[in-house]
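Here's the structure, in structure tokens; my notes come after.
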There are 2 protein chains.
Amino acid sequence: MSVTIKDVAKRANVSPSTVSRVLSDSSKISDKTKKKVRKTMDELGYHINFNARVLVQKSTKAIGIVMKHSASQSMQNPFFPEILRGISAFCHKKEYSISLTTGESEQAIFEEVIKMVQGKRVDGLIVLYSKEDDQVVPYLLEQKIPFVVIGKPASQSNQMMYVDNDNVQAAKEATEFLIQLGHERIGFIGDDPTFQVMQDRLNGYREGLLTSGLEVIDAYVKDFIYGTDRVKQIIDELVALTIKPTAIVISADVNAFAVMKELRERGITVPEQMSIISFNNTILSQFSIPPMTAVDIQTYQLGYEASRCVIELIHDTEMFKHSVIIPTIIKVRESTCIPKIAET
Amino acid sequence: MSVTIKDVAKRANVSPSTVSRVLSDSSKISDKTKKKVRKTMDELGYHINFNARVLVQKSTKAIGIVMKHSASQSMQNPFFPEILRGISAFCHKKEYSISLTTGESEQAIFEEVIKMVQGKRVDGLIVLYSKEDDQVVPYLLEQKIPFVVIGKPASQSNQMMYVDNDNVQAAKEATEFLIQLGHERIGFIGDDPTFQVMQDRLNGYREGLLTSGLEVIDAYVKDFIYGTDRVKQIIDELVALTIKPTAIVISADVNAFAVMKELRERGITVPEQMSIISFNNTILSQFSIPPMTAVDIQTYQLGYEASRCVIELIHDTEMFKHSVIIPTIIKVRESTCIPKIAET
DNA sequence: GTGAAAGCGCTAACAC
DNA sequence: GTGTTAGCGCTTTCAC
């Protein structure tokens, strides 16, 4: 029913292979034949059947994106669209298409990854998270399919490529930024600790305190599971302390937003009574009141480099497995200031 | 290199066609053979090559998502991930995979759509926007490939399926909500007027005023192009009026956020001096200070229904082309109140 | 119930 | 430079 290479060949009085060669713009075909063949293609409204090519070439020119479970959560976070935008940009340049996992649970996503890989639907993958006890990465490793992880792998990091920020360093710098302003009592609010990025940021925070000769106070360190009402509880606990922190490092701006709101409701002013520095610098950081000082992790770049890496890896499977660290930048806005003497 | 249907056939002492029948769980194969074949599949680590099946069956079990140009903008808006989540959910249920356009410009996206369609990489598509002078929709119509538009088509709406809110009605209700509170001078801030949704909301706003016997005042109606500094200008203009509005209907919560910030900077309090009702009810609505009263357009449902529609359409191309209207709900929060008498 | 054979639309040796 | 031929891995008549 739809027009094939053979139809074109017949009409142009050449062989199918010639048409195929024209399709791939082979240098062995004379300009004259090329022109002739292209003309008949147009006349017939021919368009290549990608699947047929895929079948013989064993290259799909598609990459799979493995989402963090659950998609619901990861999508609520503006981080996701931004990273996707970075991935898209490079993929589009290299004419790769993007295929998304659709599952909600870890298990559902894993099964889809298997289908993508075994079913040969993608040439490579980008894993949008790095997590302890994850099944996807070990599976991909075992299948020897090109893939790149965004975030530092929890283990075997030398066997795979990853794109990440130096989250330890970034959190250290964020903490030091507060210290340089004069803060000495600095809290930390993280979220799901099973993700590597949280561990790193927590460690960086600790390092920042320690290298400045400050103590790490356990009561100042909290976890925040998004979606629950932990915020209120956390702020309750922090406020109940006789010696309260004057500043907090918060692992994600979505969380910082919630914290700032909660502080506001209790009449605690930001930054006067509490300085806040957050991570990610998504659009939310600019929208908060006051706008947040935030560590810009350059999400777009993270995605862009990740897709560059997989695509390079696809073309050279034996490539040296280097990893890419995207620098972070502190965007100073209005949620941080020098601590109030009165409060010290 | 990878194990094929023939390998399984040989090992199980059956023919390739039998293996194929087992794959599709044909009723003509005895349970005994099925068991035997499945066992050897496991032993050999066989997995179907999807592309081969696609080539012969001419069904990819994939649907393409056509993004609004530019991806950058649409992705910044939390609307996008939420709709994608709805699409994913249904696709996952029906075991369809999702393929995204990656281009930034309208032209780049159009070219990708052509590749998706002609290259037979997808069985159907969802167009995430509805816009005047769009090339994609007419093309899809001409190609006779199943597709669904999210938003009301600018023209030929009877020839295609779409999923939308009743935006005229929703805007009317939002306006009437303010009128019922006692507001009589109500403004409207839209954005890119080339999108159908904007036209609809503007019309609904007008209707709302007119049916309540209020006048439409041109000076109260503004457009807002996201990313530019039009906000300041708009607020300047509104504030400069001798008779200012006491309430505003704003077409998207991202925009409402910007407006509220701008008002705040000028010391105009929300809702006391200016009531605000916005559209979409993304996570931003909850995060603003004060939290916004917003029209919930049920974005997730929009996506879910859209994928249900394309997939049904794929299975029954001759299906009656009905469209789906997703109801909206006004979420009352704290950005609206009765107008202050002093100001009237 | 199961097998043999043809073919989906393309590419890639190998000829010439 | 161009044609011939043999598949890629699967499904699907048509036999039996």
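Order of the sequence lines sets the chain letters (A, B, ...), proteins ahead of strands, with each chain counted from 1. Since we're looking at a predicted model, the values are computed, not measured.
- If you measure from atom NZ of B:Lys6 to atom P of D:dA6, you get 14 Å, rounded to the nearest angstrom.
- Residues from residues 11-21 of chain B with heavy atoms under 4.0 angstrom of DNA chain D, sorted by number: B:Ser17, B:Ser20, B:Arg21.
- Of the residues in residues 29-41 of chain B, not one comes within less than 4.0 Å of DNA chain D through any heavy atom.
- Atom CZ of A:Arg121 is separated from atom P of D:dG9 by 17 Å (rounded to the nearest Å).
- Remark on DNA chain C: of its neighbouring residues B:Ser26 and B:Leu55, the 5'-side contact belongs to B:Ser26, judged by nearest-heavy-atom nucleotide.
- For B:Lys120 and C:dG9, the shortest distance from a side-chain N or O to OP1 or OP2 is not below 4.0 Å.
- With B:Leu125 as the fixed residue, the side-chain contact (heavy atoms from CB on, under 4.5 Å) test singles out one of B:Ile145, B:Val310, B:Val148: B:Ile145.
- At distances below 3.5 Å, at least one donor-acceptor pair connects side-chain atoms of A:Ser26 with backbone N or O atoms of A:Lys28.
- Of the options A:Lys93, A:Arg85, A:Gln298, a side-chain hydrogen bond (donor to acceptor under 3.5 Å, both in side chains) to A:Tyr304 is made by A:Lys93 and by none of the others.
- Distance B:Lys28 NZ to D:dC16 C1': 13 Å, rounded to the nearest Å.
- Taking atom CD1 on B:Ile48 and atom C1' on D:dT11, their separation rounds to 9 Å, with Å as the unit.
- Under the 3.5 Å distance criterion, the side-chain polar atoms of B:Ser323 are matched with a main-chain donor or acceptor of B:Tyr162.
- Atom pair A:Asn49:CG and C:dT11:P shows a separation of 10 Å (rounding to whole Å applied).
- Residue A:Asn51 contributes atom CG, which lies 11 Å from atom C1' of C:dC10 at whole-angstrom precision.
- Note that A:Lys68 lies in the cation-pi zone of A:Phe195, set by a 6.0 Å cut-off to the ring centre and a 45° limit from the axis.
- Residue B:Tyr46 has its side chain nearest to D:dC10 when only C:dT11, D:dG9, D:dC10 are considered.
- Here CD1 of B:Ile114 is found 12.0 Å from CE of B:Met116. Values are rounded to the nearest 0.5 Å.
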Passes side-chain contact (heavy atoms from CB on, under 4.5 Å), B:Leu100 versus A:Leu100? Steps please. CA-CA 8 Å; B:Leu100 252 40; A:Leu100 252 40; 3.8 Å; yes
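- No donor-acceptor distance shorter than 3.5 angstrom exists from the side chain of B:Asp42 to the backbone of B:Lys39, with no hydrogens or angles considered.
- Atom pair B:Leu23:CG and D:dC10:C1' shows a separation of 9 Å (rounding to whole Å applied).
- One atom, CZ of B:Phe50, and another, P of D:dC10, lie 12 Å apart when rounded to the nearest Å.
- Under a 3.5 Å cut-off, the side chain of A:Asn165 and the backbone N or O of A:Ile326 do form a donor-acceptor pair.
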